[in-house]
Amino acid sequence: MDFLSVLSFAVFFLIFASFFSLTSLGLNMQWGFTGLFNVGVVGFYAIGAYTSAIVTGPAYPDTLFGGFGLPVPLGYLAAILTSALAAFVVGFVTLRLREDYLAISTFGIAVTIQLLALNLQSVTRGPNGLYSLPKPFSGLSASNLVDNLLYLLICLACIGAVYWAFERMVRSPWGRVLRAIREDETAAAALGKNVFAYRLQAFVLGCAVMGLAGALYANFIGYISPQDFVPIFTFQVYVMLIVGGSGNNRGAILGGLVVWALWSGSGGLIAAVLPPDLQTQAAAVRIVLIGLILVLMLLYRPAGILRERHIVSHEARMGDGARPPAADA
Amino acid sequence: MMQYVADGIVFAAIISLGAIGLSMIYNILRFANFAQGEIVAAGAYFALAFVALLGAGVGAMGPVAFGWPLLVSMGFAMAATSTMVLLVDWLLFRQLRDKNASRIALIMAAFGVSLMGRNIVTLAAGGDPINYTFYIPRSIELLPGLRLVPDDLAIIAIAALSVLALHLFLSRTTMGRWMRATAENPTLARINGIDTRVVIRWTWIIGASLATIAGTLQGHIVELRPEMGFSLLLPMFAALILGGVGNVYGTVLGAIVVGVSQSLAVAIGLSAYREAVAFMLMLAILLVRPQGLLGERE
Amino acid sequence: MTAVLDVRDVVAGYTPTLQILRGVSLEVRAGEIVTVLGPNGAGKSTLIKAVAGLVPISAGDIRFLDRDITGMRTHILVRQGLSYVPQTENVFARLSVEENLALGADFDRAAMEERRGQVLDLFPDLARLGHLAAGKLSGGQRQMVAVGRALMSAPKLLMLDEPSAGLSPKLAQTVFTQLRRIRDAGVTILIVEQNARAALAVSDRGYVLAEGRERMHGSAAELLDSPEVGALYLGAKSRLARK
């Protein structure tokens with residue numbers, strides 16, 4: 001392998017890793033800083049991808065809506081807006097209720113988006129997907145490598161901007177309230193903080209970033225279809241965030257890079273080593289393994305997942321009429 | 001119209017059996033069990049294994065295209081699924097409870113189990129759809145304009161009998177009383193001398209057994225696929241929330257609402273969006289009456 | 001007289017870093033009514049919960065009827081004759097009064113009828129409320145159900161957390177009178193109370209806790225006469241609180 005092909009591969013790999021890192025950053029705002037469990041990460045990512053595809057894509061002969069062919073930055077912007085809007089609706093309905101409801105509803109969003117992508121033929125072209133999506137800077141040079149390098153720069157700029165903004169936000173008084181809510185909702189509410197509003201803001205922000213990541217993906221790869229947005233994605237992002245260290249923005253970015261390297265590396269290994277008729281099984285084994293990693297981390301490294309859970313206001317615990325705990329083991 | 005309602009009730013029968021397990025886990029172990037769909041699927045596939053093992057096909061009862069061989073296999077599958085679920089609880093959920101893990105950690109673990117479960121089924125039985133048997137459904141006209149396949153009627157009957165049995169269990173037996181007590185207040189239950197570990201075990205067994213019935217019936221009228229349970233998860237959650245968390249009978253009512261709505265969605269040409277209809281219903285009820293149709297305000 | 005309950009130097013709390021009891025000793029002898037007094041946050045409720053196996057104990061030991069029960073699981077303690085009535089949420093609101101009572105004796109069905117008779121003797125009102133959901137009862141009636149339910153397990157020791165909280169003075173008085181009857185029927189009683197006068201009036205002895213430690217103990221009469229207890233519970237500035 002010559003240097004150029006290694007470089008091309010590295011750039012391609014980093015672009016993909018940056019989609020995950022960005023999504024992981026968005027999830028960190030929700031899960032890491034606010035303690036919101038979003039089961040539908042892939043749904044918001046898909047909303048972003050399809051929005052940008054519809055806004056920037058060409059007109060297809062068989063669709064009734066879309067194909068606006070607008071500049072790519074507008075596609076990114078629209079992706080941020082639509083995923084934020086979807087997040088607002090789900091969050092508005094469920095964030096006042098017990099945490100299970102958010103989990104169930106975000107799961108519902110992911111399923112619904114998948115159904116729309118598959119069946120709303122007049123917009124999404126169903127399983128055939130949307131193709132020929134424009135990629136910024138393509139055609140600027142004859143070399144695909146230069147295109148990709150420039151796209152990588154866009155991705156890095158997005159990650160950098162989100163990182164910078166999130167770092168400032170979580171260190172601001174606003175971020176302190178978020179952490180207070182995560183640690184002890186009742187105490188935060190007692191201090192006069194509108195817990196619901198803070199949660200909703202964090203949730204919408206996180207989903208907007210996931211939507212942006214989806215849009216970056218769509219315009220890079222140029223072709224999207226429902227098979228690109230399956231539940232395993234949500235899983236991967238959680239594992240990335242947990243491995244990187246939830247509650248830590250740099251960790252979220254790094255986790256995306258490391259876990260994506262392991263994931264694609266193991267995929268390459270399976271493809272190279274196993275005969276074709278065992279590939280389906282191998283893919284299933286790989287998914288079982290990532291599930292196992294998550295479960296084992298929950299069991300043996302909960303600190304990485306449930307940071308600072310031991311700091312609970314002792315007023316709440318000492319109260320004699322405290323809520324009954326879950327059934328004894 | 002009546003036809004769609006009837007079709008919806010057949011679907012409701014299956015959802016309610018799966019959702020009752022979800023509801024009981026939610027009430028007693030206090031978390032949303034995202035792996036319930038895989039319990040349904042596991043039940044269906046265990047039944048398939050026992051059908052193969054017995055080697056007597058699925059039998060027949062008059063016009064109904066299944067009989068005692070399938071029902072016996074289903075019985076064995078209930079035991080097998082319960083054992084499997086108890087094992088997972090022992091390996092995973094019990095440990096999380098011992099560590100006083102948050103509810104979110106439990107949901108996340110269930111989410112992980114769900115993903116693993118689907119893929120383990122794929123590994124064990126392959127990803128392609130399978131049937132217990134091939135039969136040509138012959139519908140009979142019950143009323144003018146209302147036709148049902150005898151198998152559908154049998155399914156409604158089995159579901160109704162299961163719910164009745166559950167009702168008698170919960171209201172008449174000591175373990176049933178213990179379960180209701182633990183659901184309401186686990187600490188007070190322990191103060192009453194109730195061993196909540198035993199209650200938790202029974203909760204899993206009942207939930208898994210009903211899920212096995214749901215899976216087997218679904219497998220019989222549609223097909224077996226590794227994702228068969230996962231695709232029932234959203235309707236099951238919708239039934240749970242619509243009926244009112246904390247109320248098993250509400251869950252049955254919720255299942256009927258979800259089943260009939262999904263069937264009506266088919267009637268107006270939205271058959272591809274059936275699950276989304278369940279989801280919309282769920283969001284709507286959360287907006288106007290978060291405690292559900294039969295639930296009490298917390 | 002033998003000790004029914006013997007608590008020695010118990011350190012306990014909900015988390016290892018936050019101990020609420022910091023070395024409490026206490027003894028309850030057969031046939032006694034003992035009251036534990038103390039300001040809010042002194043650890044009174046935690047003491048009862050630690051005995052009932054609901055709070056982890058990190059040091060010291062607890063003996064019940066001459067057996068070491070430190071760290072034993074709650075449902076086993078209950079089956080051995082140790083009964084506990086929490087201050088709040090002490091009945092199953094969605095279950096009927098009958099079912100609440102039955103739960104108290106579910107692990108010993110043979111004796112259920114006899115005990116139900118004894119409980120209804122003590123609280124005749126419960127007989128006509130049998131089929132109502134306990135959540136529909138008044139505060140006083142609930143308290144009767146809670147105590148009745150605790151007695152269904154035929155306890156050797158009955159522990160009550162603030163049995164008069166939220167009740168009118170008249171109802172509170174009735175509760176304390178009934179506690180005396182229960183004791184006379186052979187049940188040893190440990191009460192945690194804010195209502196010091198009324199509780200000490202029916203008690204044999206009392207303990208005063210402050211900040212997770214025992215401040216003093218003595219006979220009920222001694223405590224009632226003590227200027228310290230008087231200062232704490234009759235409104236005057238407390239010397240204890242300043243320490």
With rounding to the nearest 0.5 angstrom, report the CG to CZ distance, L95(C) to R180(B).
4.5 Å
Intermediate values then yes/no, side chain to side chain contact (heavy atoms under 4.5 Å, CB included), H75(C) and T196(B)
CA-CA 8 Å; H75(C) 70 272; T196(B) 46; over 6 Å; no
Just do the side chain to side chain contact (heavy atoms under 4.5 Å, CB included) check on N192(B) and M152(C) with the steps written out, would you?
CA-CA 9 Å; N192(B) 274 289; M152(C) 288 295 285; over 6 Å; no
Determine yes or no for a side-chain-to-main-chain donor-acceptor pair under 3.5 angstrom, with E89(C) supplying the side chain and N185(B) the backbone.
no
Nearest heavy-atom pair of S171(B) and E99(C): which atoms, and what distance?
O-OE2, 4.5 Å
With sequence neighbours left out, what residues match Y84(C) under side chain to side chain donor-acceptor pair (under 3.5 Å)?
none
All pairs passing salt bridge (Lys or Arg N to Asp or Glu O under 4.0 Å) where residues 2-13 of chain C contributes a residue, at least two apart
D6(C)-R8(C)
Report, as yes or no, whether the 6.0 Å neighbourhood of atom OH on Y249(B) holds more than 12 heavy atoms from other residues, nucleotides or ligands.
yes
In sequence, state the C-alpha distance, the side-chain angles, and the governing distance for T187(B) and T74(C), and then conclude on side chain to side chain contact (heavy atoms under 4.5 Å, CB included).
CA-CA 9 Å; T187(B) 308; T74(C) 304; over 6 Å; no
Give the intermediate values and the outcome of side chain to side chain contact (heavy atoms under 4.5 Å, CB included) for residues R149(C) and I191(B).
CA-CA 10 Å; R149(C) 188 225 85 220; I191(B) 294 169; 3.5 Å; yes
Show the nearest heavy-atom pair for residues V78(C) and G193(B), with the distance to one decimal.
CG1-N, 3.7 Å
Answer with side chain, backbone, both or neither: which region of V91(C) has an atom nearer than 4.5 Å to a non-hydrogen atom of chain B?
backbone
Which answer fits A93(C), side chain, backbone, both or neither, if we ask what part of it has an atom under 4.5 Å from a heavy atom of chain B?
both
R197(B) and R73(C): which non-hydrogen atoms are nearest, and at how many Å?
NE-NH2, 3.3 Å
